[in-house]
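Working notes, beginning with the structure itself.
Proteins come first, then strands; the chains are lettered A, B, ... in the order of their sequence lines, and each starts at number 1.
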Amino acid sequence: MTIHEAREILMLFRPWTADADNPAFAEALALAREDAGLRIWFERHCATQQEIREQFQRVAAPADLRRRILSEHAPRQKVIWWLQPVPLAAAAAVLLLGVLTAVWFNRPGPPPTETSLAAYRSRVVRTVLRTYTMDLEANDLAQIRSFLAAHSAHADYSMPDGLRHAPTTGCGVLTWQGKKVAMICFRSGKPLPPPEMSDLFLFVIDRDAVADAPGGASRQFQQVSRLATASWSAGSKVYVLAVEGDEALLRKFL
Amino acid sequence: MASGPEFESVVARYYEPLYQFAFSLTRTEADAGDLTQQTFYVWATKGHQLRDTSKIKTWLFTTLHRQFLETRRRAVRFPHHELESVDRDLPSVAPEADRALDSAQVLEALARVDEVFRAPVALFYLEDCSYQEIADILGVPMGTVKSRISRGIARLQKLLGRDIALNSPKTNPTP
């Protein structure tokens with residue numbers, strides 16, 4: 001093995017792992033012990049690698065990221081009701097029954113299906129968070145309805161009263177699980193950095209496309225990443241309204 | 001697999017390294033946080049399909065990387081810049097070998113490394129993944145991964161002013 005071959009191998013050496021015991025590095029390490037030039041290069045290389053790694057590891061996740069991840073998952077978790085405080089006498093009386101029931105009810109629940117409201121909501125929110133493009137840019141709702149009608153995409157949607165005052169910016173037609181989703185885009189009124197045009201979105205899909213569609217017009221609120229969402233059903237459709245912000249802001253548009 | 005307590009322990013163990021990997025790819029807190037959240041969402045919905053629990057780490061990093069690539073492939077919300085033009089826009093990192101590094105400099109330099117080298121280099125430094133795990137995460141052969149890491153490291157060190165020439169004046173020449 002030449003010095004340069006050894007150097008090529010040692011480029012991949014990670015001092016923070018068990019690479020020193022890895023036979024793939026053994027010959028090159030032996031050469032580095034014998035050759036002064038290679039040894040000095042290797043020592044400096046290891047120091048540099050350690051320094052770079054430390055800087056990579058200093059990137060800290062946002063303080064609330066873990067909470068956000070867990071809160072997004074929370075609505076699907078079971079409430080372990082038998083762990084809630086109960087009067088001691090009652091607990092004693094139903095202990096056996098309670099334990100049996102707990103074992104039954106505390107089994108892992110099924111994961112959300114691909115056609116659940118949570119799955120749908122997550123998908124559409126993440127679409128606008130990262131990857132959406134509007135098919136039509138327009139500030140005229142009639143034009144938007146006409147475009148959606150031409151694409152058979154829920155042109156007969158109904159808007160919450162609060163949304164009527166928000167300026168519209170356009171629309172798009174998405175698909176989810178093979179079903180069309182109408183996306184109507186608005187501005188909430190907050191300043192937006194260019195080139196962003198919208199931060200308020202209404203999504204409309206057929207009610208039968210969502211396995212656990214909301215039962216009626218009452219709103220289900222859920223924060224998904226940076227967007228607050230409200231979901232409800234009306235007629236044959238399921239609506240999700242999403243805004244970059246919190247529930248208080250969202251309620252202004254309902 | 002993705003029931004409450006298990007889900008929480010997986011989140012506790014991996015959200016930080018996943019975020020670090022996502023941040024090294026996207027360099028924005030919002031996108032990195034969102035990629036991390038999306039990864040755990042996919043875990044919550046599909047993680048039960050993974051039979052071998054020793055593969056959770058690889059599964060999560062693979063999922064995050066795929067999400068990132070999927071985002072890049074589709075129409076983007078923000079203007080797309082070719083790497084070369086981004087390279088010109090980024091402030092240069094003065095190659096000053098004795099200066100202490102900070103995270104921003106390292107990530108800035110990583111952003112200037114060819115895209116194909118970026119993910120393997122980030123995984124090399126961030127997580128104690130074996131080369132086989134890195135190859136699995138990125139879906140490329142191990143030989144390719146080693147080559148990309150080696151070239152990526154050399155480029156990164158050079159951008160940071162940390163490239164060390166063998167037999168350079170600062171090293172003792174081989175007799």
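- Between A/Phe56 and B/Tyr125, the two ring planes are parallel [angle under 30°; tilted spans 30° to 60°].
- Proximity to chain B (any heavy atom under 4.5 Å) is shown, for A/Asn22, by neither the backbone nor the side chain.
- Salt bridge status for A/Asp35 with A/Arg7: absent, with no side-chain N to carboxylate O gap under 4.0 Å.
- Neither the backbone nor the side chain of B/Leu18 has a heavy atom closer than 4.5 Å to any heavy atom of chain A.
- With a 4.5 angstrom heavy-atom cutoff, B/Phe21 does not touch chain A via any of its atoms.
- Taking 4.5 Å as the limit, every side-chain heavy atom of A/Arg66 sits out of range of all side-chain heavy atoms of B/Glu16.
- A donor-acceptor contact closer than 3.5 angstrom is absent between the side chains of A/Thr48 and A/Arg44.
- Salt bridge status for A/Arg126 with B/Asp34: present, with a side-chain N to carboxylate O gap under 4.0 Å.
- Chain A forms more heavy-atom pairs under 4.5 Å with one residue of B/Ala12, B/Ala22, B/Ala122 than with any other, namely B/Ala12.
- The choice from A/Gln57, A/Glu8, A/Gln49 that makes the most heavy-atom pairs within less than 4.5 Å of chain B is A/Gln49.
- The parts of B/Ile149 that come within reach of chain A are both its backbone and its side chain, each placing non-hydrogen atoms under 4.5 angstrom from that chain.
- Looking at B/Thr39, there are no atoms closer than 4.5 Å to chain A (heavy atoms on both sides), in backbone or side chain.
- Among B/Asp128, B/Leu110, B/Thr36, B/Leu107, the residue making the largest number of heavy-atom pairs under 4.5 Å with chain A is B/Asp128.
- In this structure, no portion of B/Ala32 lies under 4.5 Å from any heavy atom of chain A.
- Geometrically, A/Arg14 engages B/Tyr131 in a cation-pi contact, judged by NZ or CZ lying under 6.0 Å from the ring centre and within 45° of the ring axis.
- Interface remark: B/Ser150 contributes backbone and side-chain atoms alike to the contact with chain A (heavy atom separation under 4.5 Å).
- Taking the ring centroids of B/Phe61 and B/Tyr14, they lie at or beyond the 6.0 Å cut-off.
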